[in-house]
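Okay, structure first, notes after.
Keep in mind that what you see is a predicted model, and the values were worked out from it rather than measured. Sequence positions, counted from 1, serve as the residue numbers for this chain.
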Amino acid sequence: MPKPEYSALYKAVDVAYGMGELPQWVAVLTRLLFACGGRISQFASLKVMDLTANNGSFVLNLPQAKTREAHSRVSFKKFDLSPQTGRLAMEYIENLRCQGHGPDAAFFHEDIVMKWGPREERRSEGDLFFGHCVRANLSTVYSNALRPIAPPTERLQFEPIPVSTRRFRYTFGTRLAEEGASKAIIADRLGHVDLQNVDVYFEASPKIVENIDKAMDAQLAPLAYAFRGRLVEGEEHSTHKGAPGSRIIDFRVAKDPVGSCGGKGQGCAFNKPTACYTCFKFEPWLDGPHEKVLIRLKVERERCGTDERLAAINDDAMRAVQEVMAECDQAREQRKPGVSE
């Protein structure tokens, strides 16, 4: 999956979830597929207890498949999750707990995933995988949920991006190869027991992939603007005009708000205000401290050093801040005397 498609699908899922068009479990599974590149069978085996949070850090213990063990919950691989993904997953777990599901419950429980009930006979309560979806069902329901919101791609004459759980895994492995990871590291992160299956991720050279990405970035630019909100002059022009929960402030850079939330922040588990800049509900203020936010994001990116995957986490947000700043400059230019409307 080329980078523009990757970014467009990521944002499409966030927007659809924010608008209530996708259930929370679909948004969570999408984030985990992007973050871990696991097989759908591994996520079907996942339990609530497999996600841990400690002092703002989130770790997913993903059950390993095809390791010649008795079953998929004998061995695990640890994956660090971004704060945004971790918080969303923890909110999802809290909702599971409110529905009576304990630590040993299936993370993607069949009662939640299968809208009309499981298609196969339920396992008995004593079964280790009681309540878990069959992997084929989880894959099918997930792909069917994403298909209506999949963004178009120039690569296929602007047909929707093909969505399957296997593509996430291939993308994860290919990105590791592009970043210079060895075959041993890729095999380890993807749970392969040997190196015979990792050559596929090296078939397209990093340079070719980079050139394709750059070409598609330009072609898809009109379809993939990072900023999707609405610029407003100030709070008095925002949707909720100062209602509780509507102000968005980045206290790390300034006490003045950067803008307002059209949804008053209700049910939002994303990292404010970084994630706000790519949200369709965001209403940035014309005189908000957007430049200071951009400087902070650039400093945080530099701290990631050579870890390009970690450094790129907020690249879309940085691009969105820059787009907001450009719109603000344009609005100020139009205010000048002698400039026609």
Side-chain angles (χ1 to χ4, degrees), residues 3-4 6-11 13-15 18 27-28 30-32 34-37 51-60 78-91 171-172 175-176 178-181 189 210 213 217 224-229 247-261 265 268-285 287-329:
K3 185 177 179 180
Y6 175 106
S7 299
L9 181 60
Y10 192 99
K11 286 185 285 188
V13 170
D14 277 357
V15 170
V28 172
T30 301
R31 289 294 190 95
L32 296 183
F34 274 129
C36 308
L51 178 64
T52 59
N54 184 29
N55 295 326
S57 297
F58 303 90
V59 176
L60 183 72
K78 292 183 180 294
F79 288 89
D80 293 322
L81 303 181
S82 69
Q84 297 92 328
T85 296
R87 280 191 288 267
L88 179 63
M90 291 305 296
E91 180 188 343
T171 299
F172 183 84
R175 292 297 179 192
L176 287 177
E178 290 175 31
E179 292 160 13
R189 299 316 290 166
E210 180 182 353
D213 281 354
D217 274 336
Y225 288 116
F227 171 56
R228 298 192 175 193
R247 285 187 177 183
I248 300 171
I249 304 175
D250 189 345
F251 287 107
R252 289 163 291 189
V253 300
K255 295 181 180 179
D256 296 325
V258 297
S260 302
C261 175
C268 179
F270 295 118
N271 183 28
K272 303 180 184 68
T274 303
C276 299
Y277 279 89
T278 58
C279 179
F280 68 100
K281 296 180 181 179
F282 183 46
E283 298 173 346
W285 295 3
D287 294 321
H290 308 298
E291 185 175 358
K292 293 181 179 179
V293 174
L294 180 61
I295 292 173
R296 174 181 65 79
L297 291 174
K298 287 182 176 180
V299 170
E300 291 179 358
R301 196 186 201 288
E302 291 173 358
R303 287 174 183 167
C304 296
T306 58
D307 190 339
E308 188 58 32
R309 290 185 66 84
L310 186 60
I313 286 176
N314 289 326
D315 279 1
D316 280 344
M318 290 173 61
R319 188 152 57 92
V321 176
Q322 291 171 325
E323 291 171 8
V324 168
M325 291 168 60
E327 287 200 20
C328 289
D329 289 342

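Contacts of Ala27 classified as side chain to side chain contact (heavy atoms under 4.5 Å, CB included), with partners at least two apart in sequence or in another chain: Val13, Tyr17, Leu88. Scanning for side chain to side chain contact (heavy atoms under 4.5 Å, CB included) contacts around Ala53 gives Phe58, Met90, with sequence neighbours left out. In this structure, the salt bridge (Lys or Arg N to Asp or Glu O under 4.0 Å) partners of Asp287, at least two apart in sequence or on a different chain, are Arg332. The side chain to side chain contact (heavy atoms under 4.5 Å, CB included) search around Lys78 returns Val59, Asn61, not counting sequence neighbours. Annotation: side chain to side chain contact (heavy atoms under 4.5 Å, CB included) contacts of Cys276 (sequence neighbours excluded): Ile248, Lys272, Pro273, Phe282. With sequence neighbours left out, Asp250 forms a salt bridge (Lys or Arg N to Asp or Glu O under 4.0 Å) with Arg252, Arg296.
Note that OG of Ser260 and CZ of Arg247 are 8.0 Å apart. Values are rounded to the nearest 0.5 Å. Taking CG from Asp14 and OG1 from Thr30, the interatomic distance works out to 9.0 Å, rounded to the nearest 0.5 Å. In this structure, the separation between CD on Glu323 and CZ on Arg228 is 10.0 Å, given to the nearest 0.5 Å. In this structure, the separation between OH on Tyr10 and CZ on Arg31 is 3.0 Å, given to the nearest 0.5 Å. To the nearest 0.5 Å, atom OG1 of residue Thr85 and atom CG of residue Leu60 are 10.5 Å apart. The CG atom of Asp316 sits 12.0 Å away from the OG1 atom of Thr274 when rounded to the nearest 0.5 Å.
Within the 4.5 Å cutoff, the side chain of Val321 has no heavy atoms near those of the Met318 side chain. The side-chain heavy atoms of Pro284 and Val258, taken from C-beta on, include no pair separated by under 4.5 Å.
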For side-chain contact (heavy atoms from CB on, under 4.5 Å), just list the numbers for Val28 and Glu91, CA-CA rounded to whole Å, side-chain angles, deciding distance to a tenth of an Å, and then say yes or no.
CA-CA 10 Å; Val28 172; Glu91 180 188 343; over 6 Å; no

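Put simply, the side chain of Lys281 gets close to the backbone of Gly18: a donor and an acceptor are under 3.5 Å apart.
Of all heavy-atom pairs between Phe280 and Val15, the closest is CE2-O, 3.5 Å. Among all heavy-atom pairs drawn from Thr278 and Ala320, the shortest one is CG2-CB, 3.8 Å. When all heavy atoms of Pro289 and Pro257 are compared, the pair lying nearest together is CD-O, 3.3 Å.
Exactly one of Asn314, Val324, Leu294 qualifies for a side chain to side chain contact (heavy atoms under 4.5 Å, CB included) with Tyr277. That residue is Val324.
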